[in-house]
K.L.:
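Shown below is the structure under consideration.
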Amino acid sequence: MWSHVLKRKNNWVAIIFVFALIKMTIFVPFGAKTLTDDGQNFTAAARLLSGQLPYKNFQSFFSPLSDIFTLTALRLTNFSIIGTRIFYALIASGLFPILYVLTKRLSNFYTAMLITSMILLADIRIDLLFFQTMFLASFWWITRRKIGKASLAITIGSLWRWELAITWIVSILVMLLIKKKTTDSIKFMVLPVIVNSLIIGVLYKFQLLNWGWFDLQAGILAKNIYAINWISKQILFTFPKDLSNEYSFSMGWWYICGLVVLGSWIWRNRQSIFHHPILVGLLTQVGISMLYLKSQNDLGHVLKGGLSLFILLAPAIAKRKMFLPWAGMFLIIQLAFSIWHLAINNTKINLFKGGPIWLPSQYISGTTIPSADMVVKAVQFLRQALANQPVFTVPHLSLLYFLADRHNPTMYDNLLSGYLLPEYGEKKVISDLNSVQYIVYDVTNGPNRLPMQNYYSQIHEYIMTNFVVVDQTGPWLLMQRKKI
């Protein structure tokens with residue numbers, strides 16, 4: 001009976017969906033995503049709840065739906081961090097059945113299961129990839145000539161993440177143009193262009209966006225294009241040093257190995273591969289994603305920007321003689337790192353806001369992964385400020401605002417590379433800090449893993465001149481304004 005059930009494609013799709021949801025639900029209580037990504041999401045949602053508006057009152061690089069979606073999830077789950085992550089997981093679970101059917105179309109059942117399992121068992125919180133469900137669904141529907149569904153999916157995805165939507169839109173258009181489906185290309189683009197143009201127009205009309213914001217986006221794009229040296233410098237020098245820092249050993253090296261395997265396969269099949277529109281579309285997305293990965297080599301960015309590479313590995317490895325031994329080894333390694341991820345986050349903290357999360361018992365030296373004691377101590381320090389008194393965390397500790405239930409007087413919850421306009425941006429931040437009495441400052445882990453003073457020297461000098469260190473936890477300085 002069971003063999004008959006498992007042979008049916010739809011049953012495997014359902015099994016993969018359920019397994020993905022179970023795996024993500026198990027993982028959601030563990031880790032704080034280096035306080036940066038979670039912090040940006042949750043703190044932005046809290047700002048929305050207080051009546052602030054994105055782009056005008058606080059900086060957001062995401063599309064409008066992203067912050068609204070997080071706020072909706074928080075309210076539905078009574079402001080629970082774990083509940084919100086499970087909300088993400090419900091959508092992210094749909095990514096893996098689509099991944100399975102697409103890779104199976106390009107290879108076979110066993111290879112499709114390997115690629116799907118490889119990503120599903122990745123040693124991070126996969127729920128943060130929920131927006132990829134829409135992008136991959138759009139690509140899949142295009143291959144089946146369901147233009148309306150594909151257009152709707154890419155439109156919804158673009159309302160979550162503009163920059164990633166562009167990479168998939170370009171790859172889909174390339175695929176359609178190769179197939180000489182010009183009419184389908186036009187039909188596909190109508191909805192996302194109209195919806196996003198209306199949104200940007202409305203935001204600009206009500207002065208939520210300004211030309212400074214567009215200049216900032218253009219500057220970041222230029223920086224990403226310049227950072228194409230990621231291939232040469234990051235793989236040869238930075239990547240090997242950072243593998244253990246962000247739980248990215250297995251998938252990080254897989255990405256490097258994947259580039260080698262894929263490049264070899266493309267070279268061997270160079271005469272025929274460009275006659276396959278699906279493969280060319282995926283290759284286009286891989287090429288563009290190199291710009292997105294830029295100098296960030298953690299596992300989260302590898303999967304956000306490089307998902308297409310793992311799909312392309314399916315036809316590249318499907319007929320290899322060593323497929324089964326390699327598959328077994330990869331899955332064992334990936335499962336081991338997933339278990340290690342659970343084991344290292346072994347200390348529960350239950351702060352006033354957000355519900356319980358589990359963090360490492362000790363700070364991992366040289367990383368941006370905080371220990372439970374560091375987070376608790378920093379939150380307690382920030383709570384010395386009155387409820388209506390602003391605090392400041394820098395450069396990328398924004399989850400502390402949410403956990404401490406205190407607000408940031410500046411527009412920027414994280415100060416990463418490229419976030420501030422030169423000169424004007426730093427001066428504006430400094431002027432907004434006049435009423436701040438308490439600061440948590442990570443002096444070692446700034447933008448691109450360099451001290452913040454390398455990027456924002458004026459802010460660094462202002463903090464060190466006007467604040468005094470009263471305590472320290474890990475590399476974080478707990479600072480209070482000097483008494484005059």
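Here the structure is a predicted model, which means the values were calculated and not measured. Note: hydrogens, waters and symmetry copies are ignored here, and every other heavy atom, side chains too, is used.
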K.L.:
Got a sec, which residues hit side chain to side chain contact (heavy atoms under 4.5 Å, CB included) with Ala45, two or more places apart in sequence or on another chain?
P.N.:
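Ala45 satisfies side chain to side chain contact (heavy atoms under 4.5 Å, CB included) with Thr70, Leu71, Leu74 only.
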K.L.:
If you round to the nearest 0.5 Å, how far is CD1 of Ile156 from CG of Leu191?
P.N.:
8.5 Å
K.L.:
So, using side chain to side chain contact (heavy atoms under 4.5 Å, CB included) as the criterion, who are the partners of Leu90 when residues are at least two apart?
P.N.:
Leu21
K.L.:
Taking all heavy atoms of Asp442 and all of Pro395, pick out the closest pair and write down the distance.
P.N.:
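Nearest pair, atom of Asp442 first, then Pro395: O-CD, 3.4 Å.
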K.L.:
May I have the step-by-step check of side-chain contact (heavy atoms from CB on, under 4.5 Å) for Met411 and Asn57, ending in yes or no?
P.N.:
CA-CA 6 Å; Met411 286 186 63; Asn57 302 123; over 6 Å; no
K.L.:
So do Ile86 and Asp127 actually touch side chain to side chain, heavy atoms under 4.5 Å?
P.N.:
no
K.L.:
Nearest heavy-atom pair of Leu359 and Pro370: which atoms, and what distance?
P.N.:
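The answer is CB-O, 4.4 Å.
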K.L.:
Going by side chain to side chain contact (heavy atoms under 4.5 Å, CB included), name the residues that satisfy it together with Ala112, two or more places apart in sequence or in a different chain.
P.N.:
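Once residues adjacent in sequence are excluded, the partners of Ala112 under the side chain to side chain contact (heavy atoms under 4.5 Å, CB included) criterion are Tyr100, Thr103, Lys104.
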K.L.:
Verify, without hydrogens or angle tests, whether Ser151 (side chain) and Phe188 (backbone) share a donor-acceptor contact under 3.5 angstrom.
P.N.:
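Yes; at least one donor-acceptor contact below 3.5 Å.
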K.L.:
Has the side chain of Lys149 got a donor or acceptor atom that lies under 3.5 Å from a matching backbone atom of Ser138?
P.N.:
no
K.L.:
Arg75: what forms a side-chain hydrogen bond (donor to acceptor under 3.5 Å, both in side chains) with it, not counting sequence neighbours?
P.N.:
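With neighbours one apart ignored, the set is empty.
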K.L.:
For Leu95 and Gln132, which heavy atoms make the closest approach, and how far apart are they?
P.N.:
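Minimum heavy-atom separation between Leu95 and Gln132: CD1-O, 3.7 Å.
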K.L.:
Run Trp358 and Ile82 through side-chain contact (heavy atoms from CB on, under 4.5 Å) and show every step you take.
P.N.:
CA-CA 10 Å; Trp358 278 258; Ile82 294 177; 4.3 Å; yes
K.L.:
Could you report the tightest heavy-atom contact between Ser93 and Ala20, atom names first, then the distance?
P.N.:
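Looking at all heavy atoms of both residues, the closest pair is OG-C, 3.9 Å.
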K.L.:
Let me confirm one number: the OG1-CZ distance from Thr111 to Phe109, rounded to the nearest 0.5 Å.
P.N.:
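The distance works out to 10.5 Å.
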K.L.:
For Phe42, give me all partners under ring pair (Phe, Tyr, Trp, His ring centres under 6.0 Å), at least two apart in sequence or on another chain.
P.N.:
Phe402
K.L.:
So, Tyr401 side chain and Thr393 main chain: donor-acceptor pair closer than 3.5 Å or not?
P.N.:
yes
K.L.:
May I ask you to check whether over 12 heavy atoms, not counting those of Phe17, lie within 6.0 Å of atom CZ?
P.N.:
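It does: Phe17 CZ has more than 12 such atoms within range.
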K.L.:
Once side-chain hydrogen bond (donor to acceptor under 3.5 Å, both in side chains) is applied, do any residues pair with Asn196, and if so which ones, sequence neighbours excluded?
P.N.:
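Only Ser158, Trp162 meet the side-chain hydrogen bond (donor to acceptor under 3.5 Å, both in side chains) criterion with Asn196.
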K.L.:
What closest approach, in Å, do Ala153 and Met134 show between heavy atoms, and which atom pair accounts for it?
P.N.:
O-CB, 3.4 Å
K.L.:
Holding to side-chain hydrogen bond (donor to acceptor under 3.5 Å, both in side chains), I want the full list of residues that pass it with Thr84, two or more places apart in sequence or in another chain.
P.N.:
Thr77
K.L.:
Hey, what do you get for OG (Ser171) to CG (Leu176), rounding to the nearest 0.5 Å?
P.N.:
9.5 Å
K.L.:
Give me the one residue out of Ile199, Ile68, Ile154 that meets side chain to side chain contact (heavy atoms under 4.5 Å, CB included) with Leu159.
P.N.:
Ile199
K.L.:
If you look at every heavy atom in Ala92 and Thr133, which pair is closest and at what distance?
P.N.:
CA-OG1, 3.7 Å
K.L.:
Applying side chain to side chain donor-acceptor pair (under 3.5 Å), which residue pairs with at least one partner in residues 183-192 are found, sequence neighbours left out?
P.N.:
Arg145-Asp184
K.L.:
Give a yes or no on whether the backbone of Met113 and the side-chain of Ser117 come within a donor-acceptor separation of less than 3.5 Å.
P.N.:
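At least one qualifying donor-acceptor pair exists.
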K.L.:
Of all residues at least two apart in sequence or in a different chain, which pass the side-chain hydrogen bond (donor to acceptor under 3.5 Å, both in side chains) check with Ser66?
P.N.:
none
K.L.:
A side-chain contact here means heavy atoms from C-beta on lying under 4.5 Å apart; do Leu114 and Tyr110 qualify?
P.N.:
no
K.L.:
Once ring pair (Phe, Tyr, Trp, His ring centres under 6.0 Å) is applied, do any residues pair with Tyr88, and if so which ones, sequence neighbours excluded?
P.N.:
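Result, ring pair (Phe, Tyr, Trp, His ring centres under 6.0 Å) vs Tyr88: Phe69, Phe130.
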K.L.:
State, with a plain yes or no, whether a side-chain heavy atom of Met175 is found less than 4.5 Å away from one of Leu282.
P.N.:
no
K.L.:
Evaluate side-chain hydrogen bond (donor to acceptor under 3.5 Å, both in side chains) for Gln40 paired with Asn414, printing each intermediate quantity in order.
P.N.:
CA-CA 7 Å; Gln40 190 151 304; Asn414 292 308; 3.0 Å; yes
K.L.:
For Ile178, what residues pass the side chain to side chain contact (heavy atoms under 4.5 Å, CB included) criterion, not counting sequence neighbours?
P.N.:
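Residues passing side chain to side chain contact (heavy atoms under 4.5 Å, CB included) with Ile178: Val174, Pro277, Val280.
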K.L.:
Answer whether the closest heavy-atom distance between the side chains of His396 and Leu415 falls below 4.5 Å.
P.N.:
no
K.L.:
What residues, two or more places apart in sequence or in another chain, satisfy ring pair (Phe, Tyr, Trp, His ring centres under 6.0 Å) together with Phe139?
P.N.:
Trp168
K.L.:
Within a strict 4.5 Å, meaning less than it, do heavy atoms of the Phe58 and Thr43 side chains meet?
P.N.:
no
K.L.:
Please check if the side chain of Ser197 supplies one atom and the backbone of Ile194 the other of a donor-acceptor pair under 3.5 Å.
P.N.:
no
K.L.:
Rounded to the nearest 0.5 Å, how far does CD of Gln285 lie from CD1 of Ile169?
P.N.:
11.5 Å
K.L.:
Does the side chain of Phe96 come within less than 4.5 Å of Ile119's, by heavy atoms?
P.N.:
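Result yes, sub-4.5 Å side-chain heavy-atom pair found.
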K.L.:
How many angstroms lie between CG in Leu102 and CH2 in Trp140, if you round to the nearest 0.5 Å?
P.N.:
6.5 Å
K.L.:
Nearest 0.5 angstrom please: Ile172 CD1 to Ile147 CD1, how far?
P.N.:
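It comes to 9.0 Å.
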K.L.:
Given the rule in the side-chain contact (heavy atoms from CB on, under 4.5 Å) test, do Thr116 and Phe310 qualify, once you have shown the distances and angles that lead to the verdict?
P.N.:
CA-CA 9 Å; Thr116 304; Phe310 294 99; over 6 Å; no
K.L.:
Would you please test Asp67 and Arg47 for salt bridge (Lys or Arg N to Asp or Glu O under 4.0 Å) and show each step?
P.N.:
CA-CA 9 Å; Asp67 296 331; Arg47 284 181 181 258; over 6 Å; no
